[in-house]
Amino acid sequence: MAVTVPPPATRRQPAARQRPRRTLRAGVFGLGAALPERVVTNDDLADRLDTTDEWIVRRTGIRTRRWLADGAPLARLAADACAEALADAGRTPDEVDRVIVSTITPDQITPGLAPAVAGLLGCSPTTAAMDLNAACAGFLTALDEAAALVESGRARVVLVCGAEAISRLTDHDDRGTAVLFGDGAGAVVVSGGDLELGISTFVHGSDPTQAHTLYADQGDRVLRMDGQTVYRHAVARMIESTNAALASAGLTVADVDLFVAHQANARIIESASAQLGLTDEQVMIDVDRCANTSSATIPLALHRAEAEGRLRPGATIAFAAFGAGYVWTAGVVRWKERVHVCA
Ligand code: UT7
């Protein structure tokens, strides 16, 4: 039997066609954090090392850090942060397609943290779980990977976690590094939506020629650092990459509500943000509370910013991080932008 197809002009347009078509964009929809109970003050360290609270605060801005108890699994801390992020996003563990945990301090060399985290959360057996190592730039690198997975349609809900027990990778007799590091975990939920900016373009870089200035060998398994060299490169690369990320998003520093950089040293953040032209009100500092927790610093700083009312849905965040490799990353995110959640 012949079927008559009406000419295109007379066909009824489906409702969705009448809206301007937008591309699926990835965004951040939930945040969680977890810190170990043990608080270690600068005075605690000065009791056993040739250092003072005054030196540590003046040179780094650090006042306290948290250390995970001996034998306590980092996976549990990471799972706590992820559970809070899922609840904040209104998601359940069985909805998670992938768990990406950024860490340089997994509980074992292998397996990684992510499968344990997925198990502790009660994710489905079809959830992919993997660790990612991009040192202190790991959380932002994982965030960009998660955005790519969501925007390509290969995943609908991705948990991105930065979790570290750097106290286990620290030479506690070396005052040059022992005072700098702490432990903690933070996580976000990434999924897709009809968003204006979402997780915007990220820029990345790497340079292995300076690897000898920040590393931990398989042999002695503690972090070694030429602090001044790392400091100089960190400031320069974070400025360049932040400017590049803002330009690629079509934004300027005036559009930034909050600059959240890797928290290694308050002086690094203050120097980079002053040279970028940011005001103090635009800059988040959390290193005083948590010290350098490598890939956990950024989600921990975000968590504090939200708790202190400095980060509201719709805020524009500029991110930058720099770490061992060297590797560095910067990007722009519209925070918890809620237009129309597709997934
Ligand atoms: O997360 C990855 C990225 N990491 C970073 O970005 C860290 C980058 N580097 C830094 O943050 C800083 O270089 C440090 C905080 C590590 C060091 O600060 P600095 O102002 O560069 O100090 P310095 O290494 O030049 O040392 C100055 C002095 C030295 O004594 P002399 O040689 O001048 O007599 C050090 O021995 O301070 C001494 N010193 C300390 N004194 C008291 C080093 N550590 C300590 C300490 N307490 N804990």
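When a ligand or atom number is given, it counts from 1 through the structure's own listing order. Quantities reported herein were computed from a predicted structural model and do not represent experimental measurements.
Those atoms of ligand 1 with a heavy atom of N265 less than 4.0 angstrom away are 10 (C), 11 (O), 12 (C), 15 (C). Counting atoms of ligand 1 from 1 in the listed order, those under 4.0 Å from a heavy atom of Q228 are 13 (O), 21 (O), 23 (P), 25 (O). Close approach of ligand 1 to T60 (heavy-atom distance below 4.0 Å) involves ligand atoms 15 (C). Atoms of ligand 1 lying under 4.0 Å from any heavy atom of N292, numbered from 1 in the order shown and given with element: 1 (O), 2 (C). Interface of C136 with ligand 1, defined as ligand atoms under 4.0 Å from a residue heavy atom, comprises 1 (O), 2 (C). Taking every non-hydrogen atom of A264 and a distance limit under 4.0 Å, the qualifying atoms of ligand 1 come out as 1 (O), 4 (N), 5 (C), 6 (O). Counting the atoms of ligand 1 from 1 in the order shown, those under 4.0 Å from a heavy atom of R267 are 20 (O). Each of the atoms 19 (P), 20 (O), 22 (O), 27 (C) of ligand 1 lies under 4.0 Å from some heavy atom of R59.
Nearest protein heavy-atom contact of atom 8 (C) of ligand 1 is G227 O, 3.6 Å. Scanning the protein for heavy atoms near atom 36 (O) of ligand 1, the closest one is R175 NH2, 3.0 Å. Distance from atom 47 (N) of ligand 1 to its nearest protein heavy atom, with residue and atom name: T51 OG1, 2.6 Å. Counting only heavy atoms of the protein, atom 17 (C) of ligand 1 lies nearest to W55 CH2, 4.2 Å.
Annotation: the span from R310 atom CZ to R304 atom CZ amounts to 8.5 Å, rounded to 0.5 Å. Taking CD1 of I100 as the reference point, atom CZ of F139 lies at 10.5 Å (rounded to 0.5 Å). Expressed to the nearest 0.5 Å, how far NE2 of H204 lies from CG of D144 amounts to 3.5 Å.
The two residues L300 and R289 make their nearest non-hydrogen contact at O-NH2, 3.3 Å.
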For W335 and E306: C-alpha separation, side-chain torsions, deciding distance, then whether side chain to side chain donor-acceptor pair (under 3.5 Å) applies.
CA-CA 10 Å; W335 186 246; E306 262 201 347; 3.0 Å; yes
Please evaluate residues E145 and T141 with respect to the criterion side chain to side chain donor-acceptor pair (under 3.5 Å), reporting the C-alpha separation (whole Å), side-chain torsions for both, the decisive distance (0.1 Å), and the verdict.
CA-CA 6 Å; E145 294 293 312; T141 306; over 6 Å; no
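Using a 4.0 Å threshold on non-hydrogen atoms, atom 15 (C) of ligand 1 counts as touching the protein. Within the 4.0 angstrom cut-off, atom 44 (N) of ligand 1 has one or more protein heavy-atom neighbours. Closer than 4.0 Å to atom 21 (O) of ligand 1 lies at least one heavy atom of the protein. Distance check on atom 32 (O) of ligand 1: every protein heavy atom falls at or beyond the 4.0 Å cut-off.
Residues satisfying the side-chain contact (heavy atoms from CB on, under 4.5 Å) test with T201, not counting sequence neighbours, are S248.
Residues I104 and V327 are members of separate hydrophobic clusters, defined by side-chain heavy-atom contacts under 4.5 angstrom among Ile, Leu, Val, Met, Phe, Trp and Tyr. L258 and L31 fall within the same hydrophobic cluster, defined by Ile, Leu, Val, Met, Phe, Trp and Tyr side-chain heavy atoms under 4.5 Å apart, directly or through other members. With hydrophobic clusters built from ILVMFWY side chains whose heavy atoms lie under 4.5 angstrom apart, I166 shares a cluster with F322.
The environment of CD in E37 is sparse: at most 12 heavy-atom neighbours from other residues, nucleotides or ligands sit within 6.0 Å.
Contacts between I268 and ligand 1, counted as non-hydrogen atom pairs separated by less than 4.0 Å, involve the side chain only.
Nearest residue to atom 3 (C) of ligand 1 from V230, I269, L45 is V230 (criterion: closest heavy atom).
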